[in-house]
Q: 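Sharing a structure, written as structure tokens. Questions coming.
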Protein chains: 2
Amino acid sequence: MPRAGLSRAAVVELATQLVDELPGGPEALTLAAVAQRAGVATPSLYKHIGSLDALRAEVALVGAIDIRDRLRAATVGVAGVDALRALAEALRSYAREHPGLYLALQRAAGPQDPELVRVGGEVVDVIAAVLRGFGLPPERAVDAVRTTRAALHGFVLLENGGGFGLPDDVDRSFAALVDVLATGITALREE
Amino acid sequence: MPRAGLSRAAVVELATQLVDELPGGPEALTLAAVAQRAGVATPSLYKHIGSLDALRAEVALVGAIDIRDRLRAATVGVAGVDALRALAEALRSYAREHPGLYLALQRAAGPQDPELVRVGGEVVDVIAAVLRGFGLPPERAVDAVRTTRAALHGFVLLENGGGFGLPDDVDRSFAALVDVLATGITALREE
DNA sequence: AACTTTGGCTAATTATATTAGCTTTACGGC
DNA sequence: GCCGTAAAGCTAATATAATTAGCCAAAGTT
């Protein structure tokens with residue numbers, strides 16, 4: 001019989017699809033499901049990946065790269081509050097399109113995978129670059145980046161997790177969050 | 001041989017301990033580990049709980065109740081920015097003391113368990129009560145609550161997950177986050 | 001003391017990851 | 001076109017975990 005013609009990249013691609021389709025997100029990802037979709041027996045996957053955990057790490061890396069690229073693309077040529085808003089909306093869009101992939105990023109954050117650490121750092125760099133437009137003193141920059149990361153990350157997690165029970169307009173709340181960040185971070189300058 | 005003298009509550013208690021001790025948090029929780037700690041065989045646990053998922057839901061409920069009580073205790077008799085700071089610090093302390101339990105709250109947020117939904121609503125009520133001191137127009141209150149939840153939730157998740165790579169003082173960053181929220185939410189009044 | 005409920009047990013089933021070892025495909029060099 | 005080899009697949013086997021079924025003994029009740 002002919003071969004399936006898999007590769008490391010193909011397996012990771014299938015896994016990233018699954019992670020977004022499965023209701024349980026990254027935790028529900030199984031090698032059995034990947035193998036079924038690939039049309040091979042489960043152990044065959046080990047020719048391309050090291051383990052389920054390694055596959056999860058690769059999936060997380062794909063997500064990190066995607067996010068980095070989207071944030072960069074969304075913020076070229078914009079500055080100040082506009083850039084912050086563009087960045088925020090790009091992140092939220094991505095998380096809504098890829099809820100499983102976004103979740104996969106969470107737990108994989110450990111210092112195991114240097115690639116992931118590097119790309120994560122590049123994501124943070126984009127945020128830092130955007131916030132530079134707010135004219136903060138250098139010693140406050142880290143605080144502003146962390147605050148922004150926390151607020152955006154928390155919002156999309158709550159939204160994707162169904163944490164907002166009320167029917168009130170979530171878009172408006174997100175806009176409010178960005179306003180709060182913009183106002184509050186600007187005020188950090190004055191202290 | 002004498003009985004172990006378990007009960008639903010005792011099993012949940014052991015599970016909550018484990019969730020905070022295990023490196024993998026709630027996902028690493030197994031019935032086998034609970035049974036071992038309880039000194040019984042794994043299937044014996046089913047006399048007290050319905051399933052692993054049900055146990056996870058109970059663990060999450062314990063966390064939600066704890067958090068609700070801590071936030072209430074931290075904010076009685078304080079108002080305005082002081083109340084917001086007290087609430088924020090109470091939440092962060094709890095998450096640092098109980099990283100696994102805090103994580104357990106995340107995924108269990110679905111609408112399955114009405115108890116959890118109720119307690120979760122009570123947590124939100126505390127936040128709403130604190131923010132009432134900022135004198136927002138009623139139609140902005142939901143936005144402010146969501147913004148606050150998102151920012152605090154995101155921060156403690158990033159902190160517990162090792163997401164803050166730089167050695168810079170995390171306490172100071174957290175204080176900055178609370179400042180940003182206070183300033184920004186106050187400004188929501190004016191729009 | 002007998003009866004009943006309850007909590008524990010062992011045995012069995014299913015799903016999954018993972019390892020070992022075998023087979024065959026595809027392919028580079030002759 | 002043939003040959004050797006490495007890669008890619010397979011089946012078989014092992015280990016862990018959840019879950020169900022059915023048994024038995026301990027506690028508690030009458």
Side-chain angles (χ1 to χ4, degrees), chain A residues 1-62 100 103-104 107-108 110 112-113, chain B residues 1-62 100 103-104 107-108 110 112-113:
Chain A
M1 46 201 125
R3 291 200 183 171
L6 281 184
S7 68
R8 183 185 200 79
V11 172
V12 173
E13 164 68 18
L14 288 174
T16 60
Q17 287 175 16
L18 273 170
V19 147
D20 275 335
E21 292 172 21
L22 294 169
E27 301 152 45
L29 180 69
T30 65
L31 292 183
V34 176
Q36 183 180 21
R37 184 161 295 201
V40 300
T42 305
S44 305
L45 297 176
Y46 285 86
K47 295 288 169 166
H48 306 285
I49 57 162
S51 68
L52 175 58
D53 274 347
L55 179 58
R56 289 206 173 111
E58 298 241 39
V59 167
L61 183 59
V62 168
L103 273 181
R107 60 199 92 280
Q112 320 89 333
D113 185 352
Chain B
M1 45 198 122
R3 291 200 183 171
L6 281 185
S7 68
R8 181 184 202 80
V11 172
V12 173
E13 163 68 17
L14 288 174
T16 60
Q17 287 175 16
L18 273 171
V19 148
D20 275 335
E21 292 171 20
L22 294 169
E27 300 151 45
L29 180 69
T30 65
L31 291 184
V34 176
Q36 184 180 20
R37 183 160 297 201
V40 301
T42 306
S44 305
L45 296 176
Y46 285 86
K47 296 288 167 156
H48 306 286
I49 58 162
S51 68
L52 175 59
D53 275 347
L55 179 58
R56 289 206 172 111
E58 298 240 40
V59 167
L61 184 58
V62 168
L103 273 181
R107 60 200 93 281
Q112 320 88 332
D113 186 351

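In what follows, chains are A, B, ... by sequence order, proteins preceding strands, each numbered from 1.
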Q: When the distance from CG of Leu55(A) to C1' of dT18(C) is rounded to whole Å, what number comes out?
A: 14 Å
Q: Distance check: side-chain N/O of Ser44(A) vs OP1/OP2 of dA8(D), anything under 4.0 Å?
A: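 It does not, given that no N or O in the side chain of Ser44(A) lies less than 4.0 Å from OP1 or OP2 of dA8(D).
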Q: For a quick test of reading the model: is some side-chain N or O of His48(B) closer than 4.0 Å to OP1 or OP2 of dT6(C)?
A: no
Q: As a test of reading the structure: which of dA18(D), dA17(C), dA20(C) is closest to the side chain of Thr30(B), going by heavy atoms?
A: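 Output: dA18(D).
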Q: Hey, what do you get for CD (Glu13(A)) to OG (Ser7(A)), rounding to the nearest 0.5 Å?
A: 10.0 Å
Q: What is the distance, to the nearest angstrom, from the CG atom on Leu45(B) to the C1' atom on dC9(C)?
A: 12 Å
Q: Sequence neighbours left out, what passes salt bridge (charged side-chain N to carboxylate O under 4.0 Å, His left out) with Glu27(B)? Give chain and number order.
A: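 Here the qualifying residues are Arg107(A), Arg107(B).
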Q: Kindly say whether Pro26(B) contributes a backbone atom to a donor-acceptor pair with the side chain of Arg56(B) at under 3.5 angstrom?
A: yes
Q: Within the structure provided, determine whether Val12(A) and Leu61(A) are in side-chain contact (heavy-atom separation under 4.5 Å).
A: no
Q: Of the nucleotides dC9(C), dT16(C), dG9(D), which one has an atom closest to the side chain of Ala32(A)?
A: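 So the side chain of Ala32(A) is nearest to dT16(C).
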Q: Salt bridge check, Glu21(A) against Arg37(A): does any charged N sit closer than 4.0 Å to a carboxylate O?
A: yes
Q: Which atom names give the shortest non-hydrogen contact between Val59(A) and Ala104(A), and what distance separates them?
A: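 Closest heavy-atom pair between Val59(A) and Ala104(A): CG1-CB, 4.2 Å.
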Q: What is the distance from CD1 of Ile49(A) to P of dG9(D), rounded to the nearest Å?
A: 12 Å
Q: Assign Thr42(B) to base, sugar-phosphate, or nothing according to its heavy-atom contacts below 4.0 angstrom with the strands shown.
A: base
Q: Please produce a list of atom pairs where a protein N or O lies less than 3.5 Å from an N or O of nucleotides 4-7 of chain D.
A:
unit_1	atom_1	unit_2	atom_2	d
dA7(D)	N3	Arg3(A)	NH2	3.3

Q: Given atom CG of Leu31(B) and atom P of dC9(C), what is their separation to the nearest angstrom?
A: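 To the nearest whole Å, that distance equals 14 Å.
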Q: Measure the CG-CG distance between Asp53(A) and Asp113(A) for me, rounded to the nearest 0.5 Å.
A: 12.0 Å
Q: Leu52(B) CG to dT20(D) P: how many Å, rounded?
A: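 Taking atom P of dT20(D) as the reference, CG of Leu52(B) is at 12 Å.
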Q: In residues 5-28 of chain B, what residues come within less than 4.0 Å of DNA chain D, judged by heavy atoms?
A: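 When residues 5-28 of chain B is checked for heavy atoms under 4.0 Å from DNA chain D, there are no hits whatsoever.
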Q: Out of the candidates Leu52(B), Leu6(B), Leu14(B), Leu55(B), only one should pair with Leu45(B) under the side chain to side chain contact (heavy atoms under 4.5 Å, CB included) rule; please name it.
A: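 Testing each of Leu52(B), Leu6(B), Leu14(B), Leu55(B) against Leu45(B), the sole residue satisfying side chain to side chain contact (heavy atoms under 4.5 Å, CB included) is Leu6(B).
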Q: Measure the distance from OH on Tyr46(B) to P on dT20(D) and round it to the nearest whole Å.
A: 6 Å
Q: What I'd like to find out is whether the side chain of Ile49(A) reaches to under 4.5 Å of the side chain of Val34(A), using heavy atoms alone.
A: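 Answer no - side chains too far apart.
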